[in-house]
Every structure is written in C-alpha cells, then in structure tokens.
> 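This is the structure I have questions about; it appears just below.
FYI, the numbering just counts along the sequence from 1.
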Amino acid sequence: MTDALRFSTVVTEQHLSIARATLNAADKLNVLTKEMVIGLREQIAIWQRDDSVVAIILDGAGSKSFCAGGDVVEVVKTAKDNPSKLSTAPFFINEYSLDHLIHTSPKPVFVCGSGIVMGGGIGLFNGAQHRIVTENTLLAMPEITIGLFPDVAGTWFLNRMPGRCGLFVGLTGARLNAADAFYLRLADHYIPELDAEKLSEKLAEINWTD
C-alpha cells in the first residue's frame, strides 16, 4: 500500500466498524496518483464485501485540500515517456472505476469535502451518498483550462444542475463555495470545522442494527 493512503476503522458498540480512508499527501494537496487510485479502489471493495463494515468515510489529510484532482505531472510524464495514444489509459480507467465503485456502493459513503475539491476530487466527492461541505470548501472543474473536457462523470452531474449552470461550470472552470454547491446539487450536508475523526466517532455511536 502506498504511504499516500491511510486506512483506519472505529468499532461500534454492536462490534461493527466505521471504515475511514484518508488521502495522505497533504504537501501535494492530496492529488491522486495511479497507485493511490488503485489502492483506494481495492480497499473500498474489501470494505464493501465485509459485513462488519457499515459505513465508509473518505477525507483528505491537512486543512487545505480534500483532493486537488489527478496528478497531472504524472499523467504528462507517462504520455511523454510513451507517446502511444493509450499510454495514459490505465490511470483514467482505474480512476473512473473507483468513482463508479463509490457511486454504486451498497453501504453509505461520507466524503469530507473540506478545502480544495477539484477535478478528480469532485469525481470522488460527487459519487458519494453523503457529500459534506464546510466553510472553506472550494469546488471547481479546472480541466478545461488544459484542454481536457470535464471528466469523472461530469457529463452525468453537470446535466443535473439547474438551468444551464452545468454548461457554465464545465466551460469556465468557475470556482464554487459551499452555498454554490447546494444550489447546484453537488452537496448534501454542511458541517463547519469538520473533523473526519470526530465524524467517525459520532457515526460509531449510532445503533446500526436498529
């Protein structure tokens, strides 16, 4: 497992578990590398099959960012080292399958979208059943500025925004705060000064067998 991921669990009184995955690359704003994507996808799949796990929390280390997107530097280097049109396909295939795994999870997934939530970070965030924003949440799809059409299920959630807001967000990479996220149907809960550890402890107090 890569050091850029941290996994933990909190046990409830009913001997069930609240699982937590933390993107642990705060110095790089928790950008997603291929190793992180694969490791996260494999661990979430394990938790989904584990009957003792009742909920999953996904958060990012540090106070600045949940996830600033995919590691563009890694993707560009891969493309330069191997000019094949399919050289970067493994990264995107793994990233999109991770987003789909979260979106179709049979267990509730809580994503703590504190700080920067951009590009691939929105892919992780938007697929969850419980999308949490804070007083410093900053969402955007900046891919358009480097010529990449909004991906990570952008064609799904952008079309579900009111009016033509999805078109505006996709074409401009506009930056959005927590209030914007609620209006655009990108968020479910607002928790100021969100602490993922405290959230896992609070969830562990629930009687999940009720």
> Ignoring hydrogens and angles, tell me if any N or O in the side chain of Glu95 forms a donor-acceptor pair with the backbone of Gly123 under 3.5 Å.
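Not at all, since once roles are kept as given, no pair shorter than 3.5 Å links the two residues.
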> Backbone N or O of Glu193 within a donor-acceptor pair of the Glu135 side chain at under 3.5 Å?
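Yes: the side chain of Glu135 pairs with the backbone of Glu193.
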> Quick one, Trp156 and His103 - any side-chain contact, counting heavy atoms below 4.5 Å?
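Side-chain contact under 4.5 Å: yes.
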> Can you name the closest pair of heavy atoms from Val10 and Ala204 and give their distance?
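Closest heavy-atom pair between Val10 and Ala204: CG1-CB, 3.6 Å.
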> Measure the spacing between CG of Leu199 and CZ of Phe110 and express it to the nearest 0.5 Å.
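Leu199 CG to Phe110 CZ: 6.5 Å, rounded to 0.5 Å.
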> Can you hop from Leu138 to Ile122 via hydrophobic side chains spaced under 4.5 Å?
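As far as the 4.5 Å side-chain criterion goes, Ile122 and Leu138 are not connected within one cluster.
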> What's the shortest heavy-atom distance between Ala181 and Leu139, and which atoms?
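Result for this residue pair: CB-CD1, 3.8 Å.
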> Step by step, work out the side chain to side chain donor-acceptor pair (under 3.5 Å) result for Asn24 and Thr22.
CA-CA 6 Å; Asn24 191 36; Thr22 301; over 6 Å; no
> Does Glu13 CD have over 12 foreign heavy atoms under 6.0 Å away?
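Atom CD in Glu13 is not packed in, count stays at 12 or less.
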> Quick one: pull up CD in Gln43 and CG in Leu98 and give me the separation to the nearest 0.5 Å.
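Between atom CD of Gln43 and atom CG of Leu98 there are 12.0 Å.
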> Linking I/L/V/M/F/W/Y whenever any side-chain heavy atoms sit under 4.5 Å apart, do Val133 and Val169 land together?
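Shared cluster, yes.
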> Can any side-chain N or O of Thr137 pair as donor or acceptor with the backbone N or O of Gly113 at less than 3.5 Å?
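It does hold such a pair.
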> Which value, rounded to the nearest 0.5 Å, describes the distance between Glu205 atom CD and Ser200 atom OG?
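These two atoms lie 10.0 Å from each other.
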> Does Glu74 reach the main-chain N or O of Lys34 with its side chain, forming a donor-acceptor pair under 3.5 Å?
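Yes.
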> Establish whether Leu23 and Val117 are linked, either directly or via other cluster members, by ILVMFWY side-chain heavy-atom contacts under 4.5 Å.
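Cluster IDs for Leu23 and Val117 match.
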> Roughly how far, to the nearest 0.5 Å, is CH2 of Trp47 from CZ of Arg20?
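Those atoms lie 10.0 Å apart.
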> Check whether more than 12 heavy atoms from other residues, nucleotides or ligands sit under 6.0 Å from atom NE2 of His100, and answer yes or no.
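Atom NE2 in His100 is not packed in, count stays at 12 or less.
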> Could you measure the distance from the CZ atom of Phe66 to the OG1 atom of Thr134? Nearest 0.5 Å is fine.
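Between atom CZ of Phe66 and atom OG1 of Thr134 there are 12.0 Å.
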> Heavy atoms only: give me the nearest Ala174-Phe168 pair and the separation to one decimal.
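Between these two residues, the closest heavy atoms are CB-CE2, 3.6 Å.
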> State whether the side chain of Glu35 and the backbone N or O of Ala4 hold a donor-acceptor pair below 3.5 Å, judged by distance alone.
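Looks like no, no N/O pair under 3.5 Å.
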> Please round to the nearest 0.5 Å and tell me the distance separating atom CG of Leu194 and atom SG of Cys112.
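Leu194 CG to Cys112 SG: 4.5 Å, rounded to 0.5 Å.
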> Could you check if a side-chain atom of Met161 sits within less than 4.5 angstrom of a side-chain atom of Leu186, using non-hydrogen atoms only?
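Met161 reaches Leu186 side chain to side chain.
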> Should we count CZ of Arg160 as having more than 12 external heavy atoms under 6.0 Å?
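Above 12, so yes.
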> Identify the two heavy atoms, one from Cys67 and one from Gly120, that lie closest to each other, and give their separation to 0.1 Å.
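Where Cys67 meets Gly120 most closely, the heavy atoms are SG-C, 4.5 Å.
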> Ignoring hydrogens and geometry, is there a side-chain-to-backbone donor-acceptor pair from Asn94 to Ile38 under 3.5 Å?
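No: the side chain of Asn94 does not pair with the backbone of Ile38.
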> So Tyr183 and Leu176, do their side chains get closer than 4.5 Å, heavy atoms only?
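No; the side chains remain at least 4.5 Å from each other.
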> I'd like to check Ile102 versus Leu58 (side-chain heavy atoms, cut-off strictly below 4.5 Å). Are they in contact?
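In contact.
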> Does Asn30 reach the main-chain N or O of Ala61 with its side chain, forming a donor-acceptor pair under 3.5 Å?
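Yes; at least one donor-acceptor contact below 3.5 Å.
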> Are Ser114 and Asp59 close enough that some pair of their side-chain heavy atoms sits under 4.5 Å apart?
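Not touching, per the 4.5 Å side-chain cut-off.
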> Side chain of Trp208, backbone of Val53: donor and acceptor closer than 3.5 Å?
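Between the backbone of Val53 and the side chain of Trp208 there is no qualifying donor-acceptor contact (under 3.5 Å).
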> Restricting to non-hydrogen atoms, name the atom on Val152 and the atom on Gly119 that form the minimum distance, rounded to 0.1 Å.
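Closest approach of Val152 to Gly119, heavy atoms only: CG2-O, 3.5 Å.
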> Measuring only between side-chain heavy atoms, which start at C-beta, is Ser105 closer than 4.5 Å to Gln48?
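When only atoms from C-beta onward are counted, Gln48 and Ser105 do touch, with a gap below 4.5 Å.
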> For the side chain of Ser17 and the backbone of Ala19, is there at least one donor-acceptor N/O pair under 3.5 Å apart?
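No, the answer is negative, given that no donor and acceptor are paired below the 3.5 Å cut-off.
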> Grouping I, L, V, M, F, W and Y whenever their side-chain heavy atoms are under 4.5 Å apart, do Leu203 and Val109 come out in a common cluster?
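No, no single cluster joins them.
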> Using modelled atom types and a 3.5 Å cut-off, is there a donor and acceptor pairing between side-chain atoms of Arg185 and backbone atoms of Phe157?
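Such a contact is absent between Arg185 side chain and Phe157 backbone.
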> Shared ILVMFWY cluster between Leu40 and Val37, side chains joined below 4.5 angstrom?
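Looking at the clustering, Val37 is in the same group as Leu40.
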> Taking the side chain as every heavy atom from C-beta outward, state whether Lys64 and Ile116 have any atom pair closer than 4.5 Å.
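Lys64 does not reach Ile116 side chain to side chain.
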> Hey, which of Ile18, Val111, Ile44, Thr9 is the one that makes side chain to side chain contact (heavy atoms under 4.5 Å, CB included) with Ile56?
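Only one of Ile18, Val111, Ile44, Thr9 forms a side chain to side chain contact (heavy atoms under 4.5 Å, CB included) with Ile56, namely Ile44.
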> What do the steps show when you test Lys107 against Gln129 for side-chain contact (heavy atoms from CB on, under 4.5 Å), and what is the final call?
CA-CA 9 Å; Lys107 300 178 180 182; Gln129 293 93 336; over 6 Å; no
> Any side-chain heavy atom of Asp99 within less than 4.5 Å of one from Leu124?
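When only atoms from C-beta onward are counted, Leu124 and Asp99 do touch, with a gap below 4.5 Å.
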